[in-house]
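Down below is the structure, laid out as structure tokens.
Only heavy atoms go into these numbers, but all of them, side chains included; no hydrogens, no water, no symmetry mates. Order of the sequence lines sets the chain letters (A, B, ...), proteins ahead of strands, with each chain counted from 1. Note that the structure is predicted; figures quoted are calculated from it, not measured.
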Amino acid sequence: MNNVDIAHAFEEMADLLELHGENAFRVRAYRQGAKAIADLALPVAEILRDPNQDLTSFPGIGSTLAEKSRTLVETGSLPQLEKLRTETPPVLMQMTRIPGLGVKKAVVLQKELSIQSLEDLRLACQEQRVRVLKGFAAKTEQLILDGLAIAESASQRIRLDQADRLVQRLREHLEVVEEIERLEFAGSYRRGKETVGDIDILVVSENHTTVMDRLGCFPGLQSVIVRGETKMSIRVDDQFQVDLRIVPGQSFGAALQYFTGSKDHNVAVRSRARKMGFTINEYGAAKLDKPDTYVAGRTEEELYALLGLQWIAPEFREGRHELQWAEMPNSAPQVIDVNDIVCDLHMHTTQSDGNHSLEQMAAAAQQRGLKHIAITDHSKRVSMARGLDEARLLAQWAEIDRFNAQQPGEFRVLKGVECDVLEAGPLDIADEVLAQADWVIASVHYGQKQSREQITERIVGALRNPHVDIIAHPTGRLIGSRPPYEVDLAAVFEAAVEYKKALELNSSPMRLDLSEVNLMAACAAGIPIAINTDAHSIDGLDAMHYGVLQARRAGIEKGQVINTWPLSRLLSWLQHA
DNA sequence: GCCGTTTTCGGCCCGACTGTTTTCAGTCG
């Protein structure tokens with residue numbers, strides 16, 4: 001069992017204990033334990049084996065969870081979990097996914113009406129058998145019926161780039177309201193998560209009615225979920241939820257901090273405040289003995305400063321190490337910043353499936369402040385994209401040589417290729433040609449349904465080839481539309497370390513591959529990371545910030561990112577093979 | 001179940017809104 005499996009088991013324990021009405025703090029302990037395990041840089045099995053290491057030294061893992069981890073590693077299952085599974089009707093978990101239906105109500109409904117499936121629940125509502133139960137009435141019955149439809153039709157989360165577009169629409173729609181003094185978007189969108197479950201809008205305004213009325217006529221509005229004094233929630237587009245909160249100006253920082261989250265970060269912040277004699281809510285911070293007098297909250301900086309902390313960038317707020325970093329900023333890691341990026345090492349031109357020429361891509365890269373780029377068109381196996389064979393590749397590289405010779409300044413284009421790893425294992429381009437490239441990316445595009453062993457061996461085999469420098473989008477996932485292919489990433493990491501190769505963090509918001517957790521593991525293993533846009537057009541180069549955001553969320557240090565290296569360092573690193 | 005700058009027991013972040021009641025529990029973020 002790997003760390004992800006163990007984390008899943010604890011997560012499921014938490015869900016099931018919650019359904020059984022177990023102590024909420026015990027439930028939370030399992031959730032935090034799951035998160036702690038998922039964040040570990042080393043495999044749990046290895047930590048348990050090592051007499052010099054102690055699993056309970058990691059925050060959130062005590063003696064009980066450490067022992068259960070051992071059981072999971074050694075036996076592959078957990079008796080308590082198996083028992084809970086058999087005691088819990090599967091429909092309960094499904095029911096709690098209906099908006100407005102929580103654990104308590106779901107349990108009552110399931111028991112009283114012997115619900116076995118969501119279809120049973122729908123029938124019970126239609127036959128008005130719900131409204132006669134104590135604590136239920138006609139409105140709840142309707143809420144469940146509506147919720148069933150939403151649960152079935154809702155596209156749960158949207159990608160960050162889709163969220164960007166929705167935020168833009170909302171901003172433009174709301175900005176015309178003159179009474180709005182401040183407008184900010186918070187939540188997981190502000191934290192830059194790869195997918196976003198809802199949009200949180202924070203507004204400072206005296207005139208709540210005008211603001212809410214304006215949101216109520218947003219084009220794309222489907223329904224208003226709630227509307228109170230300070231809070232309004234709506235559904236837009238494909239049932240996607242948007243929350244609005246209106247706060248007074250002196251509370252803006254506290255509210256922004258609170259609604260940006262994450263939940264874990266807020267719990268950590270508020271616990272710290274409590275220990276220091278303060279209490280924090282979305283209106284500000286106050287002394288515990290004078291809870292009505294706010295002493296901070298106009299800005300986020302003020303709030304963090306009160307707790308002896310430097311301001312924390314939203315993308316770090318996941319309840320990991322960010323409070324320690326903010327406490328002693330000098331000892332915090334030098335996390336990658338978008339301004340550190342000097343190159344982009346994966347992009348396409350009209351030679352394969354790109355929209356712009358070498359000259360156009362180079363000019364656009366220079367405009368974006370890049371010092372060097374690699375042109376990496378597809379190899380011939382990707383026939384759909386007019387992939388290049390050996391002859392066309394050599395011709396393209398000759399053209400790149402001529403281009404570089406004409407460059408007045410320092411800007412350089414590296415001769416590269418995105419070479420397919422064929423289904424049977426070998427590379428799509430002959431070794432003697434690859435040997436003439438500056439930069440060789442190996443990618444899996446075909447045969448993604450192969451077995452774990454086959455795909456892993458293809459990738460490890462590519463890493464073994466002395467001409468290959470990096471594996472692109474190492475798991476092949478497309479967020480929300482295609483799961484990662486079966487690959488033993490631990491084996492890939494091991495091979496990357498052994499052959500001194502790099503791995504890609506593909507910046508396309510549809511890929512963001514490696515994912516945050518995998519990125520942390522790759523970096524813990526010391527593998528250099530290249531953050532690349534995989535641009536197929538000039539606009540595609542702008543995706544760089546998505547990749548950097550993802551790397552920041554994973555806490556990747558500047559020095560480990562190839563794109564921060566000067567060309568000389570990159571070239572000397574490439575000599576390794 | 002975890003954890004310790006009043007601690008190895010007794011806490012554990014905090015508030016808005018709704019529905020069902022008649023003062024509050026449940027849900028959500």
Side-chain angles (χ1 to χ4, degrees), chain A residues 10 13-14 17-18 21-36 55-69 80 95-109 130-144 147 186-189 191 196-202 208 212 224-233 241-247 251 254-255 257-286 288 291 297 303 307-308 319 327:
Chain A
F10 287 168
M13 279 290 290
L17 288 170
E18 194 172 23
E22 185 53 71
N23 177 305
F25 296 107
R26 189 168 168 230
V27 171
R28 202 176 83 187
Y30 273 98
R31 295 237 158 85
Q32 287 183 322
K35 195 166 151 57
L55 206 48
T56 62
S57 68
F58 297 95
I61 307 173
S63 54
T64 306
L65 290 189
E67 209 35 60
K68 287 188 159 65
S69 297
Q80 296 94 328
M95 286 166 77
T96 60
R97 297 209 183 94
I98 295 169
L101 204 58
V103 169
K104 299 270 171 65
K105 282 185 181 167
V107 168
V108 171
L109 283 171
V130 169
R131 61 179 66 187
V132 299
L133 299 175
K134 184 170 160 52
F136 293 81
K139 278 213 172 180
T140 308
E141 215 169 55
Q142 191 57 48
L143 181 89
I144 294 170
S188 52
Y189 171 74
R191 298 203 311 280
V196 173
D198 62 15
I199 297 287
D200 298 290
I201 313 173
L202 197 59
H208 296 201
M212 289 188 181
V224 176
I225 303 169
V226 295
R227 177 170 169 165
E229 266 300 295
T230 63
K231 182 184 162 175
M232 178 170 174
S233 293
Q241 185 165 338
V242 174
D243 297 325
L244 166 75
R245 203 52 192 267
I246 306 176
V247 298
S251 298
Q257 193 281 326
Y258 171 58
F259 289 110
T260 297
S262 65
K263 202 173 186 137
D264 291 330
H265 175 77
N266 285 354
V267 168
V269 166
R270 291 181 178 194
S271 299
R272 181 183 176 90
R274 206 150 246 287
K275 281 177 205 148
M276 296 174 73
F278 298 103
T279 174
I280 296 181
N281 60 26
E282 58 260 57
Y283 298 108
L288 277 172
L303 202 70
L307 305 179
E327 199 172 34

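- With hydrogens and angles ignored, the 3.5 Å screen pairs no side-chain donor or acceptor of A:Ser188 with any backbone N or O of A:Arg191.
- Within 4.0 Å (heavy atoms only), A:Ile98 reaches sugar-phosphate atoms of the nucleic acid but no base atom.
- A:Asn266 comes within 4.0 angstrom of no nucleic acid atom, judged by non-hydrogen atoms across all strands.
- Closest to the side chain of A:Ala29, from the set B:dG15, B:dG1, B:dC13, is B:dG1.
- Considering only the side chain of A:Arg28, B:dC12 comes nearest among B:dG19, B:dC12, B:dC14.
- For A:Lys105 and B:dG26, the shortest distance from a side-chain N or O to OP1 or OP2 is not below 4.0 Å.
- Within the 4.0 Å cut-off from OP1 or OP2 of B:dG29, not a single side-chain nitrogen or oxygen of A:Lys263 is found.
- Residue contacts for A:Val269: at a heavy-atom cut-off of 4.0 Å it reaches no nucleic acid atom on any strand shown.
- When heavy atoms are screened at a 4.0 angstrom cut-off, A:Glu22 is found touching no nucleic acid atom at all.
- Across the strands present, B:dG10 finds its partner in B:dC3; the criterion is a Watson-Crick or G-U wobble pair with both atom distances under 3.5 angstrom.
- Across all strands shown, A:Glu229 has heavy atoms under 4.0 Å from sugar-phosphate atoms exclusively, and none from any base.
- Nearer to the 5' terminus of DNA chain B, by closest-nucleotide assignment, is the contact made by A:Thr64 (compared with the other of A:Thr64 and A:Thr140).
- No engagement by A:Lys275 is indicated, since no non-hydrogen atom pair under 4.0 Å with the nucleic acid exists.
- In this structure, A:Ser233 does not reach the B:dC17 phosphate: none of its side-chain N or O atoms is under 4.0 Å from OP1 or OP2.
- Residue A:Gln142 places no side-chain N or O under 4.0 Å from the OP1 or OP2 atom of B:dG19.
- If you measure from atom CZ of A:Phe25 to atom P of B:dG4, you get 17 Å, rounded to the nearest angstrom.
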